[in-house]
Amino acid sequence: MAKTLRVGMIGYGFMGKAHSNAWRQAPYFFPLRAKVELHTICGRNSAGVQAARAQMGWQFATTHWQEVIESPLIEIVDIVTPNDSHAEIAVAAARAGKHVLCEKPLALNVKQAESMLAAVQKAKVMHMVCHNYRRVPAIAQARKMIAEGALGQIHHFHARYAQDWLVDPEAPLRWKVQKEIAGSGTLGDIAVHVIDLGRYLVGEFKEVCGLMETFVKERPTPQEVTSGNPSAKTPAKRVKVNVDDAALMFGRFENGALVNIEATRYAAGRRNQMSFEINGSKGSLCFDLEDMNRLKFYETANLPDRQGFRDILVLQPGLHPYVGQWWRPGHALGYEHTFVHTIADFVNACVDRKPVQPTFEDGVKNQRVLQAVEESVKTGRWQKVS
Ligand SMILES: NC(=O)c1ccc[n+]([C@@H]2O[C@H](COP(=O)([O-])OP(=O)(O)OC[C@H]3O[C@@H](n4cnc5c(N)ncnc54)[C@H](O)[C@@H]3O)[C@@H](O)[C@H]2O)c1
């Protein structure tokens with residue numbers, strides 16, 4: 001009889017929905033070595049969390065995350081709250097002996113992230129940070145090809161994460177635009193995903209040089225916008241924006257490859273585009289999340305008269321990572337599948353008690369790159385990643 005792992009999830013917003021779906025789908029599509037029970041969902045608003053419980057299919061709801069931690073029935077804690085609460089919840093969960101899955105960025109800063117890593121290591125529980133893009137089949141396939149030497153020696157990792165939800169200067173302030181809650185702006189929110197992919201695909205960062213910009217210095221608070229009545233007498237309250245709207249960095253990996261990364265919320269027309277190109281001595285690979293089931297591959301070994309990028313449709317069961325658990329050849333996968341893959345691997349790791357990437361150690365290393373970029377921006381100098 002398979003073991004049952006009961007899950008408590010803290011938060012029920014955007015990621016709460018993505019994770020709830022994944023907890024439900026993973027056992028349906030993947031051969032998990034435990035049954036999964038969606039036990040308790042937690043949020044701050046009683047009516048909101050009850051509605052989420054009913055819609056997302058959880059058995060119980062609470063407005064106090066400590067109840068999830070204290071429950072002897074729950075073995076996995078899934079943290080999908082804003083960044084400022086990750087550390088406190090994860091450390092408490094680890095101390096209570098729970099396995100911890102935590103959304104990215106792992107924490108607000110390196111110190112917090114290190115305390116989280118120390119807590120999970122001390123408690124000997126499984127830990128994973130949710131960099132779900134590692135489990136896009138095309139990206140997992142890129143990793144496999146690079147490991148097999150298809151690109152030879154890597155010279156360049158060039159990546160971009162571009163969104164456009166702040167182009168409008170009247171777009172209201174949200175927690176992602178508040179340093180106290182988010183830690184940073186584009187840097188910790190979206191650049192961190194491609195930094196993580198750089199580490200996954202190419203190697204560890206050695207040194208960086210950064211540039212960050214805040215284009216719109218003040219924004220209206222959400223209340224003023226929602227109650228916004230053109231004839232209202234009181235002017236909308238505007239609050240100073242204290243995070244980066246765009247972050248650029250270039251640098252070096254330990255293995256000598258060069259990196260340049262751009263992250264922005266001001267790329268009009270780019271709702272959520274994440275792309276990269278990797279160039280090596282034997283060829284190149286390109287990926288674009290807007291066409292996420294394809295990889296573009298160029299090989300220098302091809303005859304000169306037929307050289308060019310070719311498309312690999314990464315949807316072949318039996319050949320491409322994760323794809324075999326889904327549909328027949330060529331049937332497209334999407335964003336939500338990346339979370340199912342992440343959670344399926346995490347559940348099996350909890351059963352086997354074997355580390356599963358990306359661990360909190362990866363979270364700490366990513367956080368060190370973020371810190372080095374911020375330090376470089378502050379000093380105007382190159383910064384070692386330590
Ligand atoms: N992996 C990804 O691609 C991805 C995408 C978006 C967001 N994220 C990350 O996921 C996390 C959540 O982001 P989101 O977009 O879902 O946010 P959100 O604002 O949509 O949802 C946050 C949820 O947390 C709850 N919450 C906040 N503080 C709480 C507390 N103290 N106790 C209990 N519940 C609390 C809120 O009620 C809400 O349900 C962030 O760390 C973010 O960086 C990751």
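Counting starts at 1 for both ligands and their atoms, in listed order.
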Self-check item: Protein heavy atom at shortest distance from atom 42 (C) of ligand 1
Solution: Lys104 O, 3.5 Å
Quiz item: Checking Arg6 side chain against His39 main chain: does a donor-acceptor pair fall under 3.5 Å?
Solution: no
Quiz item: Quick one: does His193 get a heavy atom under 4.0 Å from ligand 1?
Solution: yes
Quiz prompt | Basic-acidic side-chain contact under 4.0 Å: Glu148, Lys144 | solution = yes
Quiz item: Tell me: protein heavy atom nearest atom 44 (C) of ligand 1, and distance?
Solution: Glu103 OE1, 3.0 Å
Practice problem: Might you work through the salt bridge (Lys or Arg N to Asp or Glu O under 4.0 Å) test for Glu218 and Lys237, ending with a clear yes or no? | Solution: CA-CA 10 Å; Glu218 289 186 336; Lys237 188 177 161 219; over 6 Å; no
Quiz item: So is Pro105 close enough to ligand 1, meaning a heavy atom under 4.0 angstrom away?
Solution: yes
Quiz item: Of all the non-hydrogen atoms in the protein, which one sits nearest to atom 41 (O) of ligand 1, and at what distance?
Solution: Asn83 OD1, 2.6 Å
Quiz item: How close does the nearest protein non-hydrogen atom get to atom 12 (C) of ligand 1, and which residue and atom is it?
Solution: Val80 O, 3.3 Å
Quiz item: Can you tell me which residue and heavy atom of the protein come closest to atom 20 (O) of ligand 1, and the distance to 0.1 Å?
Solution: Phe14 N, 3.0 Å
Quiz item: In the protein, what heavy atom is nearest to atom 39 (O) of ligand 1, and what distance, to one decimal place, separates them?
Solution: Tyr12 N, 2.8 Å
Quiz prompt | Test: Arg44 cationic atom under 6.0 Å from Trp65 six-membered ring centre, within 45° of axis | solution = no
Self-check item: Candidate with minimal heavy-atom separation from atom 37 (O) of ligand 1, of Glu88, Lys176, Arg44, His86
Solution: Arg44
Quiz prompt | Subset of ligand 1 atoms that lie under 4.0 Å from at least one heavy atom of Asn132 | solution = 1 (N), 2 (C), 3 (O)
Self-check item: Closest protein heavy atom to atom 24 (O) of ligand 1, given as residue, atom name and distance to 0.1 Å
Solution: Pro82 CD, 3.4 Å
Exercise. Please write down residue, atom name and distance for the protein heavy atom closest to atom 21 (O) of ligand 1.
Key: Gly13 CA, 3.4 Å
